[in-house]
Amino acid sequence: MNHEQISRIYDAHYNPTLALLFDMAKCPVESRSHGTRVYDDRGQEFLDFACGYGVFSIGHTNPRVQAVMLRQLDKLATAPQLAIHEAAAELSTKLGKLLPGDLKRLFLCGSGSEAVEIALRIASLRNPKRTRFVAVHHGFHGKTVGAMGVTGQDYLRKPFEPIWADVRFVPYGDVGAMKEAIGDGAAAVLLEPVLGGGFITTPPRGYLAEVREMCSRTGTVFVCDEVQTGFGRTGKMFAFQHDDIVPDVLILSKGFTGGHVSMAAAVVRDSIANEVAELSAADPLLYMSDTGGSPLACAVASEALSVILDEGLVQRAAEIGPYLQQRLAQASRAYPKLGLGAPGIGLMTGIQLRNNMVENAVWLQMLKRRVVTGLSTNPMTPRPVMRFFPPLIVTREEIDRAGDALDDSLKELDRVPGLALDLANQAAKVQFHLPKPLLRGILKSLS
Ligand SMILES: Cc1ncc(COP(=O)(O)O)c(C=O)c1O
């Protein structure tokens with residue numbers, strides 16, 4: 001099938017909005033990928049600096065992981081819920097060695113949202129009389145209904161409300177607001193240890209420790225959502241380790257298998273898991289699903305974890321991340337009409353831009369230069385951070401290539417007057433309701 005045929009089928013049967021964007025941006029049809037590169041159906045090579053916002057952390061189609069995957073496929077790919085298998089035992093042992101304190105109990109599933117659901121259920125069972133959850137503005141925890149209910153991006157959540165009886169959203173990093181929202185105890189607090197979703201905000205030093213203390217004092221379950229930050233992205237294996245705390249529940253997904261198979265987990269402190277087991281009559285199937293935590297996914301996750309450890313990728317993110325951030329900051333300073341800084345930590349970074357339309361335009365310009373970056377995908381962010389999340393195996397030369405592409409992209413866009421960029425942004429606010437030819441015209445003039 002060619003570009004046009006695929007797009008037509010997407011438009012008719014699968015995802016018309018994606019088809020429209022794909023058409024307008026002339027996005028590549030991804031047909032294969034390896035390491036830090038993806039290739040389109042015409043064989044053109046792109047440097048992947050979006051990496052599924054952290055999914056392909058060890059690089060695409062890692063040969064060690066692929067070999068384990070094939071062996072496991074041959075042996076035992078899936079098993080019924082009531083079976084036990086070696087792959088899960090090995091994974092829990094390996095992960096357990098990396099996790100501090102009694103953060104040891106694994107609840108395996110297929111997606112980050114599902115893992116958040118497990119956390120919400122455990123918190124509800126732990127504190128059956130408490131109905132309040134505390135989360136942060138602009139936080140993201142997934143698109144299943146319960147997870148959406150604690151997601152602080154209003155445009156996603158509001159159409160489905162009411163979901164939970166009482167959710168308090170507080171500004172990220174604000175200790176006073178958090179204290180007030182927790183009061184004398186909530187069911188749970190949910191936080192990303194670095195706020196993703198269009199911001200990439202690293203919290204003030206000590207913030208996580210303060211939240212930890214408030215949760216311990218009031219018996220509130222502290223859930224750290226490390227779907228984006230986990231497995232080395234921020235320069236520590238888990239981002240909560242920057243603040244030297246231990247959460248009650250850790251949510252893991254994206255980089256778990258390096259994007260080779262779907263896999264996620266809620267990792268729960270033993271003490272809490274035991275209390276909840278008593279309350280829920282310890283039904284062994286209560287948190288399980290047919291395919292979550294399959295032998296295949298477990299074996300692949302174990303090997304991906306070995307790759308991270310053997311290749312020193314956590315250390316690598318800590319060492320090379322600042323160089324990427326420095327290149328982004330330089331580019332931002334050189335074009336102050338467009339760039340507003342380069343926040344982040346480790347290889348979880350990006351460039352903050354003047355508005356959403358500028359972000360779209362820079363993204364298109366980068367694509368033209370064969371570098372894929374991550375759109376912030378949060379239209380509520382007036383000054384979005386376009387994400388640069390390369391695989392952790394990224395080299396200095398590749399960072400330079402992406403940095404040069406960014407310099408050139410900003411240089412080209414800098415010629416457009418600021419007022420035109422702001423007017424285009426106003427029009428794009430109603431992006432998907434604009435007549436297609438008008439939207440096409442705006443994007444074409446900016447790309
Ligand atoms: C911080 C965070 N939590 C939860 C999720 C949901 O994960 P999934 O898409 O696997 O359901 C995501 C997905 O991007 C995420 O970034």
Side-chain angles (χ1 to χ4, degrees), residues 15 18 50-57 107-123 133 135-153 155-157 160 163 167 169 172 188-203 208 222-234 238-240 247 249-267 287 289 291-294 297 300-301 304 344-350 373-381 384-389:
N15 190 329
L18 191 59
C51 145
Y53 306 113
V55 173
F56 305 101
S57 274
F107 292 83
L108 297 171
C109 53
S111 72
S113 308
E114 219 182 315
V116 170
E117 297 290 333
I118 291 172
L120 293 167
R121 288 165 67 196
I122 285 178
F133 290 101
V136 300
H137 292 305
H138 299 289
F140 182 74
H141 299 294
K143 293 176 192 155
T144 50
V145 176
M148 185 80 89
V150 287
T151 282
Q153 299 182 12
Y155 82 104
L156 285 173
R157 188 192 69 252
F160 303 100
I163 300 172
V167 185
F169 291 102
Y172 191 72
V189 168
L190 291 98
L191 276 186
E192 294 160 77
V194 178
L195 182 64
F199 290 86
I200 318 203
T201 307
T202 310
L208 294 183
F222 183 13
V223 182
C224 262
D225 182 337
E226 296 236 20
V227 169
Q228 282 186 44
T229 52
F231 300 109
R233 171 89 11 214
T234 68
F238 304 107
F240 68 75
V249 182
L250 172 66
I251 305 295
L252 299 172
S253 180
K254 289 198 190 290
F256 211 166
T257 67
H260 295 80
V261 206
S262 297
M263 174 69 142
V267 191
Y287 300 97
S289 69
T291 51
S294 68
V300 167
I345 179 166
L347 283 170
M348 181 171 184
T349 183
T373 52
L375 282 170
S376 63
T377 69
N378 180 352
M380 287 165 59
T381 321
V385 177
M386 194 177 84
R387 286 178 260 201
F388 281 68
F389 276 39

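For ligands, and for the atoms within them, numbers begin at 1 and follow the listed sequence.
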> How far is atom 5 (C) of ligand 1 from its nearest protein heavy atom, and which residue and atom name does that atom have?
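The closest heavy atom on the protein side is Phe140 CE2, 3.8 Å.
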> Test of understanding: given a 4.0 Å heavy-atom threshold, classify the contact between His141 and ligand 1 as side chain, backbone, both, or neither.
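The backbone, only.
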> What's the spacing between Tyr287 OH and Glu117 CD if we round to 0.5 Å?
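CD of Glu117 is found 12.5 Å from OH of Tyr287.
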> Any nitrogen or oxygen of Gly142, side chain or backbone, less than 3.5 Å from one on ligand 1?
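No; every N/O pair is 3.5 Å or more apart.
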> Considering only protein heavy atoms, which is closest to atom 7 (O) of ligand 1, and at what distance to one decimal place?
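Its nearest protein heavy-atom neighbour is Gly112 CA, 3.4 Å.
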> Give me the nearest non-hydrogen protein atom to atom 3 (N) of ligand 1 as residue plus atom name, then the distance to 0.1 Å.
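Scanning the protein heavy atoms, the shortest distance from atom 3 (N) of ligand 1 goes to Asp225 OD2, 2.7 Å.
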> Considering only the protein, which heavy-atom contact is closest to atom 11 (O) of ligand 1, and what is its distance?
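The protein heavy atom lying closest is Ser113 OG, 2.5 Å.
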> Short list, please: which atoms of ligand 1 are under 4.0 Å from a heavy atom of Ser111?
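Within the 4.0 Å cut-off of Ser111, ligand 1 contributes 10 (O), 11 (O).
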> If we set the cut-off at 4.0 Å for heavy atoms, which region of Lys254 has an atom near ligand 1: side chain, backbone, both, or neither?
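Side chain only.
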> Suppose I only count heavy atoms of Gln228 and a 4.0 Å limit; which atoms of ligand 1 are within that range?
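Those of ligand 1 that fall under 4.0 Å from Gln228 are 16 (O).
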> Which of the atoms in ligand 1, numbered in the order shown and given with their element, are less than 4.0 Å from a heavy-atom of Glu192?
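Answer for ligand 1: 1 (C).
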> Give the minimum heavy-atom separation between Tyr53 and Thr377, together with the two atoms involved.
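What the structure gives for the nearest pair is OH-CG2, 3.7 Å.
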> Going through the distances and angles, do Lys254 and Ser57 end up as a side-chain contact (heavy atoms from CB on, under 4.5 Å)?
CA-CA 8 Å; Lys254 289 198 190 290; Ser57 274; over 6 Å; no
> For Phe133 and Leu190: C-alpha separation, side-chain torsions, deciding distance, then whether side-chain contact (heavy atoms from CB on, under 4.5 Å) applies.
CA-CA 8 Å; Phe133 290 101; Leu190 291 98; 4.3 Å; yes
> Show the nearest heavy-atom pair for residues Cys109 and Glu114, with the distance to one decimal.
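Closest pair (atom of Cys109, atom of Glu114, distance): CB-OE2, 3.4 Å.
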> So Val223 and Ile251, do their side chains get closer than 4.5 Å, heavy atoms only?
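The answer is yes; the side chains approach within 4.5 Å.
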> So, for Gln228 and Arg387, which heavy atoms are closest and what is the spacing to 0.1 Å?
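Answer, listing the atom of Gln228 first, then Arg387: OE1-NH1, 3.2 Å.
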